[in-house]
Amino acid sequence: GAVVSQHPSWVICKSGTSVKIECRSLDFQATTMFWYRQFPKQSLMLMATSNEGSKATYEQGVEKDKFLINHASLTLSTLTVTSAHPEDSSFYICSARRGDSSYNEQFFGPGTRLTVL
Amino acid sequence: AQSVTQLDSHVSVSEGTPVLLRCNYSSSYSPSLFWYVQHPNKGLQLLLKYTSAATLVKGINGFEAEFKKSETSFHLTKPSAHMSDAAEYFCVVSPNTGRRALTFGSGTRLQVQP
């Protein structure tokens, strides 16, 4: 149990276009989902926290108008990179926390590699 | 505020020898602590977690870690390394209240030599 999927696993797009990444909890309900960004050979940096049915909480320095997050249901959160530029190329990882979890454990998706040309 | 310091960016061991990956944390409250492993092109996998129960935590694949409050450390160990252990390891700290967001260490790349 506790499987998180991401789609797509990789995407290449042209500069100026928008890209949507989906994060789904397949076998549990996720009251909270998180979006991270990971540059090559670096650690994960939290971008934002999303709660179902409410606005996302963005970390300092993350542009909310550029990285649109929608948590429409207890099993789905989406990250849209708007007007993508080459500097947005990165590995984007989502995680989900179970609604019934008494721990802080988060379950991670496999990640989405975004390349902006 | 919370932070994590992984003292070694790269560790190399021979197969069959012990593994030690060091982690120190800073937290203004009693935290939860985790070790995650990331294999190339795969998602993060939880190895083990400390959540204020037993200070010696046993995880998957023979790994364990000991929470030492006096030393603010949470080092990861394994008695005998296997080739399949080669990966990136992250020490992670989280508060037990609020958003409970995770703060990741910079990672330690474990290399296992045959």
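Protein chains get the first letters and strands the later ones, always in sequence-line order, with residue 1 at the start of each. Everything numeric in this text was worked out from a predicted model, so none of it was measured.
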- Query: Of all residues at least two apart in sequence or in a different chain, which pass the side chain to side chain contact (heavy atoms under 4.5 Å, CB included) check with B/Glu71?
  - Reply: B/Lys68, B/Ser73

- Identify which part of B/Leu44 has an atom lying under 4.5 Å from any heavy atom of chain A, answering side chain, backbone, both or neither. both

- Part of B/Gln38 lying under 4.5 Å from any heavy atom of chain A: side chain

- Listed by chain and number, what are the side chain to side chain donor-acceptor pair (under 3.5 Å) partners of A/Arg113, not counting sequence neighbours? none

- Query: More than 12 foreign heavy atoms under 6.0 Å from NZ of A/Lys66: is that the case here?
  - Reply: yes

- Message: Consider side-chain contact (heavy atoms from CB on, under 4.5 Å). Of B/Leu20, B/Asp85, B/Leu21, which one does B/Lys78 pass it with?
- Response: B/Asp85

- Query: For A/Leu44, is it the side chain, the backbone, both or neither that has a heavy atom under 4.5 Å from a heavy atom of chain B?
  - Reply: both

- Message: Between A/Glu59 and chain B, with a heavy-atom cut-off of 4.5 Å, which part of the residue counts as in contact: side chain, backbone, both or neither?
- Response: side chain

